[in-house]
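Being a predicted model, the structure only gives us computed values, none of them experimental.
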Amino acid sequence: MCGIVGGTSERNILPILVEGLRRLEYRGYDSAGVAFKKNGSISVTKNKGRVDELAKKLNLKANQSNLGIAHTRWATHGIPSEKNAHPHHSKNIFVVHNGIIENHIDLKAQLKAEGIRFTTQTDTEVIAHLIRMFIEKGQSFEKAVFNSLKKLKGAYALGIINKNDPEQIIGARYQSPLVLGKGFQENFIASDVMALAPVTN
Ligand code: GLU
């Protein structure tokens with residue numbers, strides 16, 4: 001079970017996310033990734049391997065963002081690979097997850113029957129598709145997350161963003177840790193207080 005860092009701030013969030021991931025490295029991981037708001041869209045960068053390599057790929061000098069979620073993965077379902085690295089997405093919904101969704105096989109079968117195509121081997125991908133499905137049925141972002149959580153069995157800490165609701169991060173947890181960090185004009189989530197020590201107490 002590895003790490004999540006997310007935040008929304010008036011200042012550039014990307015160096016904060018990368019530093020947060022570095023501070024979670026002690027928990028062990030095989031890959032890392034980040035999704036961040038950029039020019040009205042969501043940009044995703046993933047990497048199999050070290051956070052330092054992810055940071056290089058992210059090009060911190062050229063990129064700026066005020067909202068993002070980041071993840072270090074310790075694979076439980078699906079090989080360690082760039083494709084299986086988080087964040088996972090379904091259309092406009094982007095999700096990072098620590099934990100295990102025990103009923104993912106049943107949920108996957110139900111979603112496939114509704115015409116959803118899966119692109120990774122992870123248990124996590126079902127969460128993104130569930131939220132999208134509820135939104136497409138007319139529910140608000142919050143309500144869609146809430147109803148998706150009701151379908152999950154297992155353990156989770158989640159950070160979720162929506163391209164169509166670009167000011168908001170939703171965090172949720174059950175049996176996996178997730179802390180909220182409040183700052184001035186900025187707020188954070190993380191799976192461990194250590195990740196947020198430089199930005200809030
Ligand atoms: N079960 C998820 C996966 O295999 C999350 C693992 C984790 O906690 O990093 O991708």
Just wondering, do I160 and I69 contact through their side chains at under 4.5 Å, heavy atoms? no
Smallest separation among heavy atoms of R22 and A55, with atom names: NH2-CB, 3.9 Å
Same hydrophobic cluster for I161 and F146, using side-chain heavy-atom links shorter than 4.5 Å among ILVMFWY? no
Specify the closest pair of heavy atoms between N12 and I16, including all atoms of both residues, with the distance to one decimal. O-CD1, 3.9 Å
Whether the side chain of N84 engages the backbone of I79 through a donor-acceptor N/O pair (distance < 3.5 Å, no angle test) should be reported. yes
Any chance CG of N59 has more than 12 other-residue heavy atoms, nucleotides or ligands included, within less than 6.0 Å? yes
Return all side-chain donor-acceptor pairs below 3.5 angstrom for residues 33-43, not counting sequence neighbours, or 'none' if the list is empty.
residue, atom, partner, partner atom, Å
K37, NZ, P166, O, 3.2
K37, NZ, E167, OE2, 3.3
K38, NZ, N63, OD1, 3.0

Please check if the number of heavy atoms outside Y26 that lie under 6.0 Å from its OH is greater than 12. yes
On a heavy-atom basis, the closest approach of S176 and A155 is OG-CB, 3.7 Å
What closest approach, in Å, do A32 and V51 show between heavy atoms, and which atom pair accounts for it? CB-CG2, 4.3 Å
Just verifying a value: how many Å separate T120 OG1 and H89 NE2, rounded to the nearest 0.5 Å? 11.0 Å
Between the side chain of E10 and the main-chain N/O of Q185, is any donor-acceptor distance below 3.5 Å? no
Roughly how far, to the nearest 0.5 Å, is the CD1 atom of I101 from the CD atom of E125? 13.0 Å
Can any side-chain N or O of E186 pair as donor or acceptor with the backbone N or O of R11 at less than 3.5 Å? no
Within the distance-only criterion (no hydrogens, no angle test), does the side chain of T200 pair as donor or acceptor with the backbone N or O of K182 below 3.5 angstrom? yes
Looking at S191 and I4, would you say the former's side chain and the latter's main chain have a donor-acceptor pair under 3.5 Å? yes
Taking all non-hydrogen atoms of both residues, which atom of G3 and which atom of L24 are closest, and how far apart? CA-CD1, 3.7 Å
Are any non-hydrogen side-chain atoms of L158 and L149 less than 4.5 angstrom apart? yes
Flag, side chain of D30 to backbone of P80, donor-acceptor distance under 3.5 Å: no
dist M133:CE -> N147:CG (nearest 0.5 Å) comes out at 9.0 Å
Are there more than 12 heavy atoms of other residues, nucleotides or ligands under 6.0 Å from atom NZ of K153? no
Heavy-atom neighbours of K108 NZ exceed 12 at 6.0 Å: yes
Quick check against the 3.5 Å criterion: does R73 have a side-chain atom that pairs as donor or acceptor with the backbone of S31? no
Hydrophobic clusters here meaning ILVMFWY residues chained together by side-chain heavy-atom distances under 4.5 Å, can you tell me if F141 and L67 are in one? no
In terms of hydrophobic clusters joined by side-chain contacts under 4.5 Å, are V199 and L178 together? no
Calculate, to the nearest 0.5 Å, the distance between atoms OG1 and CD belonging to T76 and E102 respectively. 10.0 Å
About how many Å separate CD1 of I135 and CD of E142, when rounded to the nearest 0.5 Å? 9.5 Å
Evaluation steps, side-chain contact (heavy atoms from CB on, under 4.5 Å), between F188 and I13: CA-CA 10 Å; F188 305 95; I13 200 80; 3.8 Å; yes
With clusters built from Ile, Leu, Val, Met, Phe, Trp and Tyr whose side-chain heavy atoms come within less than 4.5 Å, directly or transitively, what are the remaining members of the cluster of M194, listed by chain and number? none
Can you confirm whether more than 12 heavy atoms, excluding those of I105, are under 6.0 Å from its CD1 atom? no
Is it the case that the side chains of H71 and N98 hold a donor-acceptor pair, with the cut-off being a distance below 3.5 Å and no angle test? yes
Is there a donor-acceptor pair under 3.5 Å between the side chain of N162 and the backbone N or O of I93? no
Grab the two heavy atoms, one from T8 and one from I169, that are nearest each other, plus how far apart they are. N-CD1, 4.1 Å
Which one of N103, I100, L107, L152 satisfies the side-chain contact (heavy atoms from CB on, under 4.5 Å) criterion with D123? I100
Shared hydrophobic cluster for V96 and Y29 (ILVMFWY, side-chain gaps under 4.5 Å): no
So do F118 and H129 actually touch side chain to side chain, heavy atoms under 4.5 Å? yes
Can E53 and K48 be said to form a salt bridge (charged side-chain N to carboxylate O under 4.0 Å, His left out), step by step? CA-CA 9 Å; E53 288 154 24; K48 183 181 166 206; over 6 Å; no
Any ion pair linking R23 and E19 (charged N to carboxylate O, less than 4.0 Å)? yes
If you group Ile, Leu, Val, Met, Phe, Trp and Tyr by side-chain heavy-atom gaps below 4.5 Å, do L58 and V44 land in one group? no
OG1 (T122) and NE2 (H77) are apart, to the nearest 0.5 Å, by 9.5 Å
Using modelled atom types only, decide if a donor and an acceptor are shared between the side chain of K46 and the backbone of H86 within a distance under 3.5 Å. no
